[in-house]
2 protein chains.
Amino acid sequence: MPPKKNGDLSLPEPVVERLPLYQRILTQLIRQGSSTVSSEQLAELAGLSAAMVRKDFSLLGPMGTRGSGYEVDYLLSHLDRILGTGKSWPVVIAGVGRLARALVGNRNFSGRGFRLIGAVDSKVNVIGTELAGLTVASYETIADSLAEVPSIGVITTPPETAQLATDTLVALGVRSLLNFAPSIIEAPKEIAVRYVDLSMELQILSYYASQPEGDLTTARLGTGGIQPLRDRWPASAKGPTPTP
Amino acid sequence: MPPKKNGDLSLPEPVVERLPLYQRILTQLIRQGSSTVSSEQLAELAGLSAAMVRKDFSLLGPMGTRGSGYEVDYLLSHLDRILGTGKSWPVVIAGVGRLARALVGNRNFSGRGFRLIGAVDSKVNVIGTELAGLTVASYETIADSLAEVPSIGVITTPPETAQLATDTLVALGVRSLLNFAPSIIEAPKEIAVRYVDLSMELQILSYYASQPEGDLTTARLGTGGIQPLRDRWPASAKGPTPTP
DNA sequence: ATTTGTGAACATCTTCACAGCA
DNA sequence: TGCTGTGAAGATGTTCACAAAT
């Protein structure tokens, strides 16, 4: 009787977008030797309010201890489980250009449980070349070249090819897509799609660059988000903001 | 008497994040020869509701004509002005690795009014090399190597160097920052900062990949956002969704 | 007749403030 | 006492529904 597997917690998107941030901060805290942390400290490090940190964690169940805060280990292991960290997700990338090569070479890719199991391209001079030890397949042959169903598809094609890439990746069985191509893609609604769009980001920034001056304090933090309120993470190794 | 220059309209961030999307769609429509478009058609193409499209545009002033819709040219030129498109923004990039090279080689970078005027790195074997025709400077020499104050800074350093990059770029006078490094950076609050974080995006997707199945219809569209509602952009050249 | 522009209703997200527990 | 967990309040964002304009 498997009544409720506990990876299946459904969280609001804004919360999901903050979890990796918490995860990163907690990992740093562990490396620094902290064993507990308060919502206030975490909020400071994340650039959020303490209330929001508590609300977020409260959605995951009772995570902390009243009076003394959150146990870093425990909290982190929970986040890891919810985010599926350490699960070695099989990834297929469509569109093998400079961006693809930069991404798979990135330590955050291979170093964090994402395993490239396939690469596709449509250009004949790219098909057959190597990417991170794999041979780049064509759109016709990719399905046969995989030994495993991929979970995540990454699209780094030109915009014209993005829909073909989407359809192909969906047919391969991916559950979620990360689209770097500057075009809107059509995918079944049960597939999670996220857009990362350089040109849009630059355009958003050029809006803010042309704004008169004033505060940006209205804004939120997110994957793309404007710098929030007060002072931020002391990125140099200074310890977790010793509140005096 | 310059009482109110009209680039200084202050818009809610969600709206700002949608404007580049509208801009892109309108550009496509022009290429396809459409001269007017209704909020409903636009909504379909953008994957949004017609009401939201109208609300967004209404914030820019009276943009449309009742009974016949929006004139594509007019609307687009407005968006271009608000977003500062065509202004040739001077950009400095910090951290010259594979990602930096992929970004500046991208047609959305150079092709859309972003002009690389400087590149910095801390590694001796990178300093002095070329990037898009520029010689990579060191953090000590970058200030003197620029002929112009940059508007936008792009950070593609490893996380350890992100704060140094931030401080340096801010000192150079940038108004906004695009941070690809997986770390939170501390910048004066009048600087707009946006984060683009591959590892966070992948982690968010791995959360959705481990979700049971069900709809993702709760979600929003954004720079990073989950696929919204119904059917989407027909990416192939099929004309703007001929409503029967 | 058609489609914008918008106040009001609704939904969602964040903060407040404090009860509950260690 | 100190800090979490949470209902209620507040802020922000989206949709509804219709009046106004052509």
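Numbers restart at 1 for each chain; the letters A, B, ... are given by sequence-line order, proteins then strands. Model, not experiment: these values are computed from the prediction.
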Show me the donor-acceptor pairs within less than 3.5 Å that the side chains of residues 52-62 of chain A make with the rest of the protein, sequence neighbours left out.
unit_1, atom_1, unit_2, atom_2, d
A:Arg54, NH1, A:Ser39, OG, 3.2
A:Asp56, OD1, A:Arg18, NH2, 3.0
A:Asp56, OD2, A:Arg18, NE, 2.7
A:Asp56, OD2, A:Arg18, NH2, 3.4
A:Asp56, OD2, A:Tyr22, OH, 2.6
A:Ser58, OG, A:Lys55, O, 2.7

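Atom CG of A:Asp56 is separated from atom P of C:dT15 by 10 Å (rounded to the nearest Å). With rounding to whole Å, A:Gln41 atom CD is found 14 Å from D:dT4 atom C1'. Atom CZ of A:Arg18 and atom C1' of C:dT15 are 12 Å apart (whole Å). Summarising the geometry, the separation between CG on A:Leu11 and C1' on C:dC13 is reported as 14 Å, rounded to the nearest angstrom. Rounding to whole angstrom units, CE of residue A:Met52 and C1' of D:dT12 are separated by 12 Å. If you measure from atom CD of A:Glu17 to atom P of C:dC13, you get 10 Å, rounded to the nearest angstrom. Between B:Glu13 atom CD and D:dG13 atom P there is a gap of 9 Å when expressed in whole angstrom units. Regarding A:Leu75, its CG atom lies at a distance of 14 Å from the C1' atom of D:dC3, rounded to whole Å.
Checked against side chain to side chain donor-acceptor pair (under 3.5 Å), A:Ser88 has the following partners two or more places apart in sequence or in another chain: A:Arg115. Residues satisfying the side chain to side chain donor-acceptor pair (under 3.5 Å) criterion with B:Thr161, sequence neighbours excluded, are absent altogether. Residues passing the side chain to side chain donor-acceptor pair (under 3.5 Å) test with A:Asp167 are A:Gln163, sequence neighbours excluded. Looking at residues two or more places apart in sequence or on another chain, you find a side-chain contact (heavy atoms from CB on, under 4.5 Å) between B:Thr27 and B:Arg31, B:Leu76.
Taking both residues in full, the closest heavy atoms of A:Leu42 and A:Leu75 are given as CD1-CD2, 4.3 Å, listed atom of the first, atom of the second, then distance.
Minimum atom distance to the side chain of A:Ser49 is reached by C:dT15, of the listed D:dG13, C:dT14, C:dT15.
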Polar-atom pairs under 3.5 Å, protein N or O versus N or O of nucleotides 4-6 of chain C: list them with distances, or write none.
unit_1, atom_1, unit_2, atom_2, d
C:dT4, OP1, B:Ser39, N, 2.7
C:dT4, OP2, B:Ser39, OG, 2.6
C:dT4, O2, B:Arg66, NH1, 3.1
C:dG5, OP1, B:Met63, N, 3.0
C:dG5, OP1, B:Gly64, N, 2.9
C:dG5, OP2, B:Tyr70, OH, 3.1
C:dG5, O4', B:Arg66, NH2, 2.9
C:dG5, N7, B:Arg54, NE, 2.9
C:dG5, O6, B:Arg54, NE, 3.4
C:dG5, O6, B:Arg54, NH2, 3.1

